[in-house]
Amino acid sequence: MRAKVRILDFYSGRYSVLINEEDAKEAKLHPDDLVKLEAGKKTVYGSVVISNLVERGEVGVSRDVLELHSFSEGETVAVIPAGTPESVRYIKKKMNGSKLRKVEIEAIIRDIVDRKLRDIEISAFVTSLEINGLDMDEIAALTIAMAETGDMLDIDRKPIMDVHSIGGVPGNKTNILVVPIVAAAGLTIPKTSSRAITSAAGTADVVEVFADVSFSLDEIKRIVEKVGACLVWGGALNLAPADDITIKAERALSIDPTGLMLASIMSKKYAMGSQYVLIDIPTGKGVKVETVEQARALARDFIELGKRLGQYVEVAITYGGQPIGHTVGPALEAREALSALMTGKGPGSLIEKATGLAGILLEMGGVAPAGMGKKMAREILESGKAWEKMKEIIEAQGGDPNIKPEEIPIGDKTYTFTAPTSGYVTAIDNRAITAIARAAGAPEDKGAGLELYVKVGEKVKEGDPLFTIHAEHEARLDQAIVLARRTEPIRIEGMVLQRIGNI
Ligand SMILES: O=P(O)(O)OC[C@H]1O[C@H](OP(=O)(O)O)[C@H](O)[C@@H]1O
Ligand SMILES: O=c1cc[nH]c(=O)[nH]1
């Protein structure tokens with residue numbers, strides 16, 4: 001049917017197309033059916049909302065649809081039932097545990113990018129990957145499809161380095177230190193990050209506290225050619241556009257299927273033109289990879305996938321058994337990261353991991369002799385060169401280079417938990433820490449999160465502070481306190497673990 005466009009001022013997080021009840025009856029359209037709007041050669045897919053907010057012969061479009069194509073009020077378009085996309089059949093094939101062919105994977109990714117697949121089908125796809133997985137052929141096809149449906153960056157400063165963590169460990173602000181250290185050594189490192197997937201703050205969420213992270217590819221090209229680095233959000237770019245759509249489904253389910261994670265990460269690295277990529281696999285209890293054996297297998301997958309993409313990949317298996325540093329949550333982590341860059345000092349876990357990863361990149365990039373990278377990275381950090389470079393990056397990304405970490409606002413609704421007995425910290429539960437920080441409002445509330453005062457192995461006396469919850473709203477703080485009481489994220493045990501009576 002043909003209809004006149006009515007622009008309606010609402011965002012629905014979906015591509016909503018309003019159809020008048022009578023028109024819908026005639027066209028046999030039902031709520032959530034897929035329709036395509038054809039205006040000239042442009043085709044946009046949306047899902048039907050039946051409503052008499054629009055008259056007969058009109059079609060209402062939400063603001064989301066306008067992001068896909070700037071329809072003008074009153075424009076005549078063809079509204080055509082689109083039926084079920086072909087790629088839904090391939091999703092069902094994966095549900096049944098079959099191997100997908102390259103063309104089938106390409107069809108799924110193209111339909112995700114063209115918004116022909118709705119949340120329902122995308123969640124089904126992500127879930128089927130979680131359950132049935134992907135082999136290396138499928139992962140390579142998925143990676144290239146994800147990268148090639150988006151734009152690719154062409155930076156002519158070579159060699160191009162990159163670093164990416166598979167994430168999963170709370171407080172993982174490491175790469176905010178790694179990037180300026182590596183760039184200060186004269187290497188080029190165009191870092192893209194996703195927002196939180198399973199954690200309480202993704203690197204993009206943290207950097208956004210003190211600089212913009214949403215840029216176009218041209219802007220990134222300018223930033224990187226000017227300062228040699230960037231710390232931006234991959235989702236804002238049209239880099240591997242399917243990535244941020246599937247990450248939304250992963251976040252909702254708090255899962256990160258291995259095959260999709262490999263493709264998500266490497267598609268972004270491929271799209272940035274990165275030639276030397278270091279992958280960080282935090283390993284330990286309560287993170288995505290629990291054993292070194294699993295980490296080594298995943299490392300081999302990353303290296304193999306890199307080979308197929310023409311990228312040289314190395315992998316660092318890092319300690320992920322407890323949070324990195326002392327802070328969890330966007331603003332708290334921003335404070336800690338910037339203060340470590342400014343002073344060259346900070347929590348051992350953060351400094352050790354950052355100089356370790358940066359050191360490997362300096363060796364991969366040929367600016368440090370084998371085995372000397374970490375020492376060089378530490379010198380760059382302690383000399384203040386990394387901070388100088390970070391200020392350039394912050395300024396280039398629209399932030400204030402004279403920022404003072406302690407002035408970054410954090411949640412002022414706080415509650416501190418203390419040690420119930422004297423003894424030793426025997427475990428810190430990563431998943432509980434993340435859940436408490438998210439209950440407190442992170443990452444949406446930038447100031448929400450946790451400050452940790454102890455690490456595994458440290459001795460505490462009864463009444464010593466263990467951690468403080470920060471929130472921006474009382475209600476959130478209360479929820480986080482209840483969860484903290486129930487989960488007891490920090491376990492204290494005396495040397496006498498148990499007394500078995502003379503029963
Ligand atoms: O921990 P979760 O949220 O599961 O994983 C997502 C995080 O891991 C990666 O970190 P980085 O950008 O390499 O520092 C992503 O970019 C994102 O920040
Ligand atoms: O960027 C990332 C990081 C972890 N997992 C993903 O899927 N993407």
Side-chain angles (χ1 to χ4, degrees), residues 126 129-130 134 139 142-143 146-147 161-180 182 189-209 213 229-237 239-240 242-272 274 277-284 286-289 298 301-302 305 315-316 318 320 323-325 328-330 333-334 337 350 353-354 357-358 361 430-431 433-435 437-438 442-443 449:
V126 170
L129 297 185
E130 176 75 2
L134 294 162
I139 294 170
L142 182 60
T143 307
M146 285 176 81
M161 318 300 296
D162 213 329
V163 61
H164 208 96
S165 174
I166 68 164
V169 58
N172 191 23
K173 59 205 69 85
T174 313
N175 288 328
I176 297 175
L177 277 68
V178 170
V179 166
V182 169
I189 179 162
K191 172 84 178 112
T192 59
S193 288
S194 77
R195 292 184 185 284
I197 298 174
T198 66
S199 70
T203 296
D205 299 313
V206 178
V207 174
E208 193 171 47
V209 169
V213 294
C230 64
L231 277 161
V232 297
W233 174 39
L237 295 162
L239 280 186
D243 182 42
D244 218 58
I245 296 169
T246 48
I247 281 181
K248 274 201 190 84
E250 289 178 319
R251 185 178 298 125
L253 304 163
S254 204
I255 57 173
D256 199 356
T258 306
L260 187 52
M261 175 175 71
L262 274 153
S264 161
I265 293 172
M266 293 307 283
S267 62
K268 289 188 284 252
K269 308 300 107 179
Y270 182 80
M272 294 303 278
S274 308
V277 182
L278 175 61
I279 299 291
D280 163 30
I281 300 182
T283 302
V287 286
K288 295 176 188 176
V289 178
L298 182 59
D301 287 346
F302 269 107
L305 182 53
V315 176
T318 58
I324 309 286
V328 176
E333 293 190 42
L350 176 61
K353 182 169 178 182
L357 295 183
L361 282 161
N430 281 329
R431 293 194 198 287
I433 292 289
T434 291
R438 287 175 92 150

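Numbering of ligands and ligand atoms starts at 1, following listing order. This is a predicted model, so every value here is computed, not measured.
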Distance, nearest 0.5 Å, that separates [atom1] of [X] from [atom2] of [Y]:
| X | Y | atom1 | atom2 | result |
| --- | --- | --- | --- | --- |
| I176 | L231 | CD1 | CG | 6.5 Å |
| S165 | L357 | OG | CG | 8.5 Å |
| E333 | I324 | CD | CD1 | 10.0 Å |
| M146 | D244 | CE | CG | 9.5 Å |
| F302 | D280 | CZ | CG | 10.0 Å |

May I ask you to list the atoms of ligand 2 that are less than 4.0 angstrom from any heavy atom of [X]?
| X | result |
| --- | --- |
| I166 | 4 (C) |
| M261 | 5 (N), 7 (O) |
| I197 | 2 (C), 3 (C), 4 (C), 5 (N), 6 (C), 7 (O), 8 (N) |
| K268 | 1 (O), 2 (C), 8 (N) |

Please report whether ligand 1 has a polar contact with N172, defined as an N or O pair separated by less than 3.5 Å (distance criterion only). no
If I apply the N/O under 3.5 Å rule, does S194 come out as touching ligand 1? yes
Min heavy-atom dist K191 to ligand 1 below 4.0 Å: yes
Are D256 and T198 linked by a side-chain donor-acceptor pair shorter than 3.5 Å? no
Which bit of N175 is near ligand 1, meaning a heavy atom under 4.0 Å away: side chain, backbone, both or neither? side chain
Side chain proximity check, [X] to [Y], heavy atoms < 4.5 angstrom:
| X | Y | answer |
| --- | --- | --- |
| E250 | I247 | yes |
| K288 | V169 | no |
| L262 | L298 | yes |

Are any side-chain N or O atoms of S193 and backbone N or O atoms of K191, one a donor and one an acceptor, separated by less than 3.5 Å? no
For the backbone of V163 and the side chain of N175, can you confirm whether one donor and one acceptor N or O come within less than 3.5 Å of each other? no
Students should be able to answer this: which protein heavy-atom is nearest to [atom], and at what distance?
| atom | answer |
| --- | --- |
| atom 5 (N) of ligand 2 | D256 OD2, 2.7 Å |
| atom 18 (O) of ligand 1 | T203 N, 2.8 Å |
| atom 4 (O) of ligand 1 | T198 OG1, 2.6 Å |
| atom 8 (N) of ligand 2 | S264 OG, 2.8 Å |

Please check whether H164 reaches ligand 2 - meaning an N/O of the residue sits under 3.5 Å from an N/O of the ligand, judged on distance alone. yes
Between S165 and ligand 2, is there a nitrogen or oxygen pair with a distance under 3.5 Å? no
Can you list the ligand 1 atoms lying under 4.0 Å from a non-hydrogen atom of [X]?
| X | answer |
| --- | --- |
| G202 | 18 (O) |
| K288 | 2 (P), 4 (O), 5 (O) |
| A196 | 3 (O) |
| S193 | 11 (P), 12 (O), 16 (O) |
| G168 | 1 (O), 2 (P), 4 (O) |

R195, K248, K268 screened by salt bridge (Lys or Arg N to Asp or Glu O under 4.0 Å) with D243, the one that passes: K268
Heavy atom to atom 9 (C) of ligand 1, shortest distance: which of A201, S165, P282, G167 holds it? S165
